[in-house]
Peer 1: 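Sharing a structure with you now.
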Amino acid sequence: MRNLVAKECIDLRYAAIDGPLECEEAIFEATSPESLIVRGATINRNVSLKRASVSGAVNAGALTVHGALDCTDMTIGGTAWVEGEIDPFGEPRGRGIGAARVAFILDYARVDGSVRMNGSSSRNSFTAGGLVRMFGSHMGALNCDGAKIDSVDGICLNLERAVIANGAHLRHGFAANGMIRLHAAEIGDALEMDGATLSAPRGCALNATRVHVAGPVMLRGGFNADGCVRFVNATIGSFVDCSKATFRKANSPSESSWPDDPPVGDVALSFRGTSIGGNLEMNCGFEAVGCVVLSGTRIKESLILGGRSPARIENDRLAVNAFNLVVDQAIVIRNVKVHGILDMRQASCTVLEDEIASWPPLEMGSKAASPRSGRVRKILHGRRRAFPRTRSRKIGSYRSGVLLAGLTYDVLLSPDFGWNRRRAIFKKTIDWTSPQPYLQLAKVYERAGSAATARKVHVARLNAAYRPLMPSRWVLQPLIGYGYRPLRAALCLTAIAIIGGFVFGRAAHENLLTPTHAPTGQTVLSSRCQPQIYPCVHPYAYSVDSLLPVLNLQERSFWSPNVTRAPWVGYLAWSFNGIGWIVGLLVIAGFTNLVRKE
């Protein structure tokens, strides 16, 4: 039927053709609504519809082709699909196809070779003005390179539960105006969408929920999706490459085109619950305007956000949701600009490679938040900026920041490895009071042989746990560093002893210390040293004896404050005694780890 011009519908239902079916450059003008019907037909060789023009729709449901189905450069105008309308077979049209217009129906078809719906050149392409539906079909391969499918009101390409023995290629100028649905499809090799353009601004552009891809998924080389791209609970046998790709969330999310699909919200790209057998690469100009969801994702190699080439992710609230992400090798967060909340809670990896500048800044509402005081400060360049007095503990009050509670890693590779630079990450965290991020970082420092740096991290952790106005923080932090620096108390006691020695020396010079066992008939003054009559006053020894009574230097046994003439000397001695007991107990508690909160 080459070069055929058909005014009426061509009906080949249940036909058995022991040879090829060739309809190259044929013209089918019927619009009632099918122009060509090959439903249930069996063709023992190839089917060729190259450069054919169809004004209505093609109905090839349950078609069996023992060869290839070639629709290269084919043009299908499509027709309206009215639910409940009686079709040419006397059956009512089904519901829930997800589109108002239909172009090509290939449900439950079996094609031993490849299905080619591609273009032969940049000027010529497969064009469909409605839904192309291949629900439950089996085919050797799918080639839609350069194809143009328009079904803006719903699904444009439906491959739900389809089985493709080899690869699926939707590359090199492929354009879809509407949703592509790959729900529970099985692809035996790669899913390649290099340079494809998907547009579904009111919902989901690509829905690959529960899809099984044995090879890699390539969304790269200028791939552009205006609408959510969703790989949920999918299985991908190799890597996922999103380099040089752009993902945008739906502008005005509406009701889903399919009853069972959840709303897309502000999600631009989702791999929730997906297993990826290789790397997940988001670099080389990767851009996402909307939330990137990686919650519950299992990546058997590495997650690369940026790396050596730049990437950008931004969203109003949650920018990256990586809750409970599991990465067997490395998480790389370098050379990436993230504006929004980066949620890494309960995530795990072997190596964390990052740089502090790539973590999003902490922003609360419309003003940047700071862990420090709330007074208006003059900062660099003479600009003035108001900071809130404290950071909120409610995640919903933040526009941007980092959530790190539960993130675990064995090795840290970063130019900001040192504590003096690493501590800046805790100024970006929303869950800054959570102890786990500090404990994890301290563990990494200990493994690297830097125990002193690990102690600094523990002190910072307890500083975050204790509120600034808590009396326990005033005592534990400066005196013993919460038990991690117990020898600080020795310096403190030394300073107090020196000051006390000076004060007690002045008191002795003014005879404000009296002997406790003065000899009978003798006058003993603290201002004069008469060792042949009575032991002399040693001010600094007296100060140490007051601070540390357990030493028993005998100074307090021979001399006591004259509380009648100078009560303050007595109060000072008693205060020294109390300070000595308190600090001594804190030192003991520090060495025995009683005040540490591990």
Side-chain angles (χ1 to χ4, degrees), residues 452 455-456 458-459 462-463 465-597:
R455 288 193 293 270
K456 293 180 181 179
H458 285 300
V459 171
L462 293 169
N463 277 338
Y466 290 108
R467 294 182 179 273
L469 299 181
M470 293 178 67
S472 56
R473 178 171 176 174
W474 302 349
V475 176
L476 296 177
Q477 201 275 345
L479 290 181
I480 58 173
Y482 303 110
Y484 292 98
R485 296 174 179 174
L487 294 180
R488 274 186 179 180
L491 298 177
C492 179
L493 290 176
T494 301
I496 295 175
I498 293 174
I499 296 173
F502 175 78
V503 173
F504 286 123
R506 297 296 300 176
H509 181 72
E510 296 177 7
N511 295 319
L512 299 180
L513 297 178
T514 59
T516 57
H517 307 289
T520 305
Q522 300 287 336
T523 300
V524 180
L525 300 176
S526 60
S527 60
R528 290 187 294 177
C529 182
Q530 300 173 319
Q532 66 278 10
I533 299 175
Y534 199 80
C536 300
V537 176
H538 300 91
Y540 291 96
Y542 191 90
S543 177
V544 173
D545 201 10
S546 299
L547 277 174
L548 302 175
V550 293
L551 295 180
N552 193 14
L553 300 181
Q554 301 295 321
E555 291 291 325
R556 299 176 65 201
S557 300
F558 293 105
W559 299 92
S560 63
N562 190 342
V563 296
T564 303
R565 291 183 55 195
W568 64 270
V569 180
Y571 297 150
L572 181 63
W574 297 331
S575 299
F576 271 42
N577 196 355
I579 291 173
W581 279 109
I582 293 173
V583 175
L585 291 175
L586 287 176
V587 171
I588 295 173
F591 277 109
T592 55
N593 300 335
L594 292 178
V595 296
R596 300 185 186 183
K597 293 183 179 180

Peer 1: Would you say S543's side chain and P539's backbone share a donor-acceptor pair under 3.5 angstrom?
Peer 2: no
Peer 1: Is the closest side-chain heavy-atom distance between T514 and R565 below 4.5 Å?
Peer 2: no
Peer 1: Which value, rounded to the nearest 0.5 Å, describes the distance between W568 atom CH2 and S575 atom OG?
Peer 2: 11.5 Å
Peer 1: Measure from the side-chain N and O atoms of Y534 to the backbone N and O of H517, and report whether any donor-acceptor pair falls under 3.5 Å.
Peer 2: yes
Peer 1: To the nearest 0.5 Å, tell me how far H538 NE2 sits from W559 CH2.
Peer 2: 10.5 Å
Peer 1: Ignoring hydrogens and geometry, is there a side-chain-to-backbone donor-acceptor pair from D545 to E555 under 3.5 Å?
Peer 2: yes
Peer 1: Do N562 and L513 have side chains that get closer than 4.5 Å, going by heavy atoms?
Peer 2: no
Peer 1: Rounded to the nearest 0.5 Å, how far does OH of Y540 lie from CD1 of I499?
Peer 2: 10.0 Å
Peer 1: Ring centroids only, cut at 6.0 angstrom: are F576 and F504 within range, meaning strictly under it?
Peer 2: yes
Peer 1: Test V503 against L572 for side chain to side chain contact (heavy atoms under 4.5 Å, CB included), laying out the working first.
Peer 2: CA-CA 9 Å; V503 173; L572 181 63; 3.3 Å; yes
Peer 1: Please find the pair of heavy atoms, one from L553 and one from A541, that lie closest to each other, and give the distance.
Peer 2: CD1-O, 3.7 Å
Peer 1: Give a yes or no on whether the backbone of V569 and the side-chain of W574 come within a donor-acceptor separation of less than 3.5 Å.
Peer 2: no
